[in-house]
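A short write-up of the structure that comes next.
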Amino acid sequence: MVLGQPLRIPCEDSMNDVSKSITKLNHKSKMFVLRERAVSLLPKLFNAWRITHLVFEKDTDAYGRERDNEVMALAKKAGVEVITKSGRTLWDSDDVVKAHGGKPTMSISQLQAAGAKLGEIAAPIEAPKSLPDPGEMSLDFEQTQPEPKSDINEHFREDREKTYSFGIAGPNGDFSVPPLEELGMKPATTPHRGGETIALEMLDEILADEEYTGTFEKPKTSPAAFEPQSTCLTSPYLHFGALSCRYFYHKADEVVQKRRKAKKSVSEPPTSLTGQLLFRDMYFAAQAALGFSFGQTYNNPNCRFIPWHLPSKIDLNTKLVTGDYEIDDEEKEIWFQRWAHGKTGFPWIDAIMRQLRYEGWIHHLARHSVACFLTRGGCYISWERGAEVFEDLLIDHEAASNIGNWQWLSCTAFFSQFYRCYSPVAFGKKWDPDGGFIRKFVPELKDMDKKYIFEPHKAPISDQKKAGVLIKGDGEEAERNGLKLYPMPIFDFPTQRDICLQGMKSAYSVGLHGNDQKVLDGTWKEAFDDNGEGPTEGRKGGPGGLTTFEEADGAEEASHGHPTPKKGNVERSSDSPKSTRGRKREHSQSTLDASFKKKAK
DNA sequence: ACCCAGGTTGCCTCC
DNA sequence: CGGAGGCAACCTGGG
Ligand SMILES: Cc1cc2nc3c(=O)[nH]c(=O)nc-3n(C[C@H](O)[C@H](O)[C@H](O)COP(=O)(O)OP(=O)(O)OC[C@H]3O[C@@H](n4cnc5c(N)ncnc54)[C@H](O)[C@@H]3O)c2cc1C
């Protein structure tokens with residue numbers, strides 16, 4: 001294998017597990033990991049190892065497609081035959097798009113209709129029963145070093161050059177799976193472990209509970225449940241390829257059919273388990289249809305234009321986001337940072353964001369709560385900022401699902417009922433009436449009376465002291481005079497919800513999309529009331545929601561990128577979701593590939 | 001053209 | 001405490 005995968009614990013586990021499975025079939029073999037970017041390494045390898053065939057799984061992520069096209073061209077040049085397999089989704093996403101008239105699938109019924117045209121979902125391919133010997137692996141060529149300063153995962157790496165310092169075959173010269181430390185990643189805090197063995201065990205346990213599997217209704221599962229969670233937690237395994245979605249689908253469907261025959265109750269898509277996998281395919285197909293533009297507002301025909309705060313900067317040459325954003329209002333940057341670090345002063349939101357940061361997985365409805373809160377139902381900050389934080393923190397990060405769901409929650413695509421707005425108080429109370437989830441992830445509040453735990457700033461000082469905590473400040477200070485501190489809320493929610501609702505209403509009536517001329521040329525501002533929510537003042541703005549065209553192309557240096565460069569009082573810590581230059585929204589995180597600057601075309 | 005039902009997962013008040 | 005209906009009102013698809 002050529003190293004180019006996200007590098008969290010579940011990834012390392014997945015690689016070790018697959019390596020063991022290979023060795024079981026042939027004791028001379030294992031997973032051989034080469035420390036270099038595919039595009040620079042493979043041409044050298046084709047030669048040195050006299051390679052005749054290259055086999056890999058098709059990837060419809062825009063970034064993956066670009067890389068794979070490059071690799072295929074190099075293989076062709078070297079006379080190497082390429083074989084690709086499509087098994088990441090239920091149906092091949094390009095086939096789904098074709099069956100849907102070349103358009104992105106925007107609802108489950110559209111996906112189902114396209115799927116019906118394509119026929120049965122293929123059965124998963126059996127694991128091999130034997131494997132050939134690995135052959136000779138000479139290293140008679142130079143390792144190409146990464147260019148400095150382009151690693152999107154910089155803030156998770158302690159020593160980003162380390163990976164390469166041991167040479168292509170790693171520290172022991174044996175091509176073994178690199179542990180996180182070799183890659184310079186900080187030790188992982190997640191309790192979730194990866195690998196096919198665990199994935200199959202987990203799935204077996206789920207399937208053995210036929211009532212759970214057969215009557216699963218997603219909206220009825222609790223976002224506050226932990227150890228164990230209320231849903232399958234299969235998403236990281238599906239992402240890393242440790243579990244086949246087709247295997248999962250057919251196995252779950254078998255249980256449903258069996259219950260049907262026995263006249264027992266069953267659930268139906270979209271709420272059923274198989275329905276969940278259909279959503280996954282829907283987002284993959286939408287992404288396959290739109291490519292890079294799927295991951296951003298600008299130039300995306302499918303994404304509604306809303307004048308969000310903290311809009312993405314645009315490279316006008318490539319029409320892609322640069323990875324940096326404009327701070328149109330310093331207060332919104334502070335809200336964003338406090339959201340990202342679980343210090344909003346809304347315990348339900350903070351508990352979720354801290355579970356995300358610490359464990360890397362949160363329940364679907366928890367994702368709804370915090371995504372709605374950041375965008376249309378609280379801060380009115382661009383969904384693209386939220387998607388970037390999720391990309392950094394999720395162990396199940398999947399570009400198509402992450403982007404698509406952020407659009408759903410922000411009512412920019414897939415979903416439009418913006419008047420259905422989650423409350424950070426009421427929604428939490430519904431699922432966690434005693435506050436157990438909050439006590440677990442916001443331990444400052446663990447002794448707070450349940451009467452106040454969702455709005456602790458409303459607790460009388462005497463109750464706060466009884467619980468050993470003072471509600472005060474902005475979350476920077478953790479303790480004072482032996483009492484823990486928990487921040488005041490960043491804003492009054494009912495007020496902010498109304499502001500957002502008004503903003504959404506007017507943005508919907510303006511009715512612009514990411515590829516409309518007005519969004520491309522900045523005249524979108526004319527269509528918005530100066531006093532409306534978001535950076536709407538004036539008649540001429542920048543591309544895609546920026547306030548100005550100046551410095552919009554992302555090629556310049558970082559320090560003077562903001563039109564209002566007042567210093568905020570939120571320090572960007574090393575693991576803050578700081579933005580990075582020259583990065584496309586849609587590619588898998590933490591890849592070694594990404595640590596090389598792409599050649600200018 | 002128009003109406004109407006449906007859309008995985010809202011909140012609040014009233015009975 | 002649980003369910004129904006109001007709230008204000010989005011879009012798509014079918015008839
Ligand atoms: C803002 C936001 C961001 C998200 N980002 C991601 C992401 O980066 N990666 C990701 O896999 N999912 C993402 N999701 C979708 C969903 O929340 C997770 O897939 C789900 O919570 C994973 O938990 P599970 O495996 O227990 O799901 P289950 O409910 O057990 O579902 C089974 C499988 O179906 C798939 N699935 C379920 N719901 C969705 C969905 N809405 N969209 C796509 N696939 C789904 C997952 O692969 C999941 O493992 C996001 C949702 C939101 C609202």
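Below, read A as the first sequence line, B as the second, and so on, with proteins coming before strands; counting in each chain starts at 1.
For A:Ala426, the listed nucleotide lying nearest its side chain is B:dC11; candidates were B:dC11, C:dC10, B:dT9. For A:Gln417, the listed nucleotide lying nearest its side chain is C:dC10; candidates were C:dC10, B:dG10, B:dT8. When each of B:dC11, C:dT12, C:dA8 is scored by its nearest atom to the side-chain atoms of A:Lys505, the top-ranked nucleotide is C:dA8. The side chain of A:Gln110 lies closest to C:dG13 when the candidates are C:dG13, B:dT8, B:dG10. Closest to the side chain of A:Tyr422, out of C:dC11, B:dT8, B:dT9, is B:dT9.
With a cut-off of 3.5 Å on both pairing distances, the Watson-Crick and G-U wobble pairs of DNA chain C assemble into stems of 3 or more at B:2-7 with C:10-15, B:10-15 with C:2-7.
Taking atom CZ of residue A:Arg376 and atom P of nucleotide B:dC11, one finds them 10 Å apart after rounding to whole Å. Atom pair A:Lys429:NZ and C:dC1:P shows a separation of 14 Å (rounding to whole Å applied). Atom CZ in A:Arg497 sits roughly 14 Å away from atom P in B:dG10 (whole-Å rounding). Rounded to whole Å, atom P of B:dC11 lies 11 Å from atom CH2 of A:Trp348. In this structure, the CZ atom of A:Phe279 is 10 Å from the P atom of B:dG7, given to the nearest Å. Rounded to whole Å, atom P of C:dA9 lies 12 Å from atom CG of A:Asp498. One can place CZ of A:Phe415 at 7 Å from P of B:dG10, the figure rounded to the nearest angstrom. What separates CZ of A:Arg420 from C1' of B:dT8 is a distance of 10 Å, to the nearest Å.
Phosphate proximity of C:dC10 to A:Arg304: absent, as no side-chain N or O sits under 4.0 Å from OP1 or OP2.
Here, C:dG3 and B:dT8 have their P atoms 23 Å apart, quoted to the whole Å. Rounded to whole Å, the C1' atom of C:dG13 lies 22 Å from the corresponding atom of B:dT9. Here, B:dA1 and C:dG15 have their C1' atoms 12 Å apart, quoted to the whole Å. Rounded to whole Å, the separation between the P atoms of B:dG6 and C:dA9 comes to 23 Å.
Aromatic ring centroids of A:Phe437 and A:Trp431 lie 6.0 Å or more apart. In this structure, A:Phe491 has its ring center under 6.0 Å from that of A:Phe373. A ring-centre distance under 6.0 Å is found for A:Tyr422 and A:His368.
Under the 4.5 Å side-chain criterion, counting only non-hydrogen atoms from C-beta, A:Phe294 is not in contact with A:Asn302. Looking only at side-chain heavy atoms (C-beta outward), A:Lys117 and A:Asp95 stay at 4.5 Å or farther from each other.
A:Phe427 comes within contact range of the sugar-phosphate backbone alone, with a heavy-atom separation under 4.0 Å but no base atom that close. Residue contacts shown for A:Trp431 are absent, as no nucleic acid heavy atom lies under 4.0 Å away. Base engagement by A:Gln276 is indicated by at least one non-hydrogen atom pair under 4.0 Å involving a base atom.
Donor-acceptor pairing under 3.5 Å is recorded for the side chains of A:Glu326 and A:Thr547.
When each of A:Lys258, A:Arg259, A:Lys251 is paired with A:Glu210, the salt bridge (charged side-chain N to carboxylate O under 4.0 Å, His left out) condition holds for A:Lys258 and for no other.
The cationic group of A:Arg304 lies under 6.0 Å from the six-membered ring centre of A:Tyr508 and within 45° of the ring axis, placing it in a cation-pi geometry.
Per the stacking criterion (ring centres < 5.5 Å, plane angle < 30°), A:Tyr419 does not stack onto the base of C:dC10.
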